[in-house]
Amino acid sequence: MKILFVEDDDAIAMGLQYTLEQEGYQVTWCRTVKEALTALSGSVFDLCLLDVMLPDGNGYEVCRKARERADTAVLFLTACDDEGNVVMGLDMGADDYITKPFRIRELLSRMKSVLRRYQKEESLQSVMHFKDVTIRTGQAKVFKGDREVLLTTVEYRLLLTLAGAKGRVLSRDQLLEGIWDIGGDYVNDNTLTVYIKRLREKLEDDPAQPALIKTVRGLGYQMEV
């Protein structure tokens, strides 16, 4: 499990990072909003553990960005249990919050509870069907009929971005956001066209007349549900 941990108090952060790693979590520790947003742009996390008050902003900004990029669990660490702050965090999409100072076992219990909810939801949605194409997200495999289709990391991420839109039209910018910086590679607008072409060649019956991944002129692309 990958955790983005955002906390500017070094004493708290180092001790908690050590404990989380001893529990088997892979932890990326950031001290500022800027560092956290950079981390989010290059990786997908299972859980964001966010302090509210940070030197260059607040955890709400990080929460918003995490929610835009993926279905990520969010738990706030707050020194203030004022109802307004709690409600704001939950309204931003947080799954839970815990007030400082806290006992480490209570935090671990809250984290596991939140992650279990996401794992249950993922298991229910681990198979997606689009015409004769099946996406098995649990195994990161794609099938056309009974035949497995081998995709590159970027092709698979692009397919998931389209599939996750559930028939909505996605602009080129939205698709680029979904596949940004995979493996540290810059993905530009021209490269996106190439990846769309490759997906169609692998998944469409007739790539020249696509029935699965459609171009919506002037708007972007749409995956037929």
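On a predicted model such as this, the values are computed, not experimentally measured, just so you know.
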Within a strict 4.5 Å, meaning less than it, do heavy atoms of the [X] and [Y] side chains meet?
X      : Y      : result
Leu49  : Phe5   : yes
Leu40  : Val62  : yes
Thr32  : Leu54  : no
Tyr221 : Leu162 : yes
Leu77  : Thr99  : no
Glu106 : Ile98  : yes
Leu108 : Leu20  : yes
Glu148 : Lys141 : yes

* **Lys/Arg-Asp/Glu bridge criterion (N-O < 4.0 Å) met for Asp51, Lys100** => yes
* Presence of salt bridge, Arg147 and Asp132, under 4.0 angstrom -> no
Heavy-atom donor-acceptor pair, [X] side chain to [Y] backbone, under 3.5 Å:
X      : Y      : value
Arg67  : Arg64  : no
Trp29  : Glu7   : yes
Glu204 : Glu201 : no
Ser43  : Ala39  : no
Lys214 : Gln222 : no
Thr134 : Phe130 : no

With hydrophobic residues grouped by side-chain heavy-atom distances under 4.5 Å, do [X] and [Y] end up in a single group?
X      : Y      : answer
Ile104 : Met111 : yes
Leu37  : Met53  : yes
Val149 : Val133 : yes
Val194 : Leu158 : no
Tyr18  : Leu107 : no

Just by distance, with hydrogens left out, do [X] and [Y] show a side-chain donor and acceptor under 3.5 Å apart?
X      : Y      : answer
Thr193 : Arg172 : yes
Arg110 : Tyr97  : no
Thr215 : Arg200 : yes

Just verifying a value: how many Å separate [X] [atom1] and [Y] [atom2], rounded to the nearest 0.5 Å?
X      : Y      : atom1 : atom2 : value
Leu151 : Tyr195 : CG    : OH    : 11.5 Å
Leu176 : Leu192 : CG    : CG    : 5.0 Å
Thr137 : Leu159 : OG1   : CG    : 11.0 Å
Asp96  : Ser113 : CG    : OG    : 7.5 Å
Lys131 : Met223 : NZ    : CE    : 10.0 Å
Arg198 : Thr191 : CZ    : OG1   : 9.0 Å

* **Stepwise side-chain contact (heavy atoms from CB on, under 4.5 Å) test for Ser171 and Val169** => CA-CA 7 Å; Ser171 68; Val169 177; over 6 Å; no
* Could you walk me through whether Ile135 and Leu160 pass the side-chain contact (heavy atoms from CB on, under 4.5 Å) check? -> CA-CA 8 Å; Ile135 306 171; Leu160 285 185; 3.8 Å; yes
* To do: For residues Thr72 and Ala66, report the shortest heavy-atom separation together with the two atoms involved.
  => OG1-O, 4.0 Å
* **Exercise: identify the closest heavy-atom pair between Ala36 and Leu4** => O-CD2, 4.2 Å
Within a 6.0 Å radius of atom [atom1] on [X], are there more than 12 heavy atoms belonging to other residues, nucleotides or ligands?
X      : atom1 : value
Gln209 : CD    : no
Lys202 : NZ    : yes
Arg103 : CZ    : no
Asp206 : CG    : yes

* **Test side chain to side chain donor-acceptor pair (under 3.5 Å) applied to Arg31 and Asp10, Asp9, Asp8, the passing residue** => Asp10
* Stepwise, does the side-chain contact (heavy atoms from CB on, under 4.5 Å) test hold for Cys48 with Val6? -> CA-CA 8 Å; Cys48 292; Val6 186; over 6 Å; no
* Check against side-chain contact (heavy atoms from CB on, under 4.5 Å), Asp205 and Lys144 -> CA-CA 10 Å; Asp205 293 330; Lys144 183 173 176 60; 3.0 Å; yes
* To do: For Tyr60, enumerate each residue passing the ring-ring contact (aromatic ring centres under 6.0 Å, His included) test, keeping only those at least two apart in sequence or located in another chain.
  => Phe76
* **Pairing residues for Asp46 by the side-chain contact (heavy atoms from CB on, under 4.5 Å) criterion, not counting sequence neighbours** => Met1, Lys2, Leu115
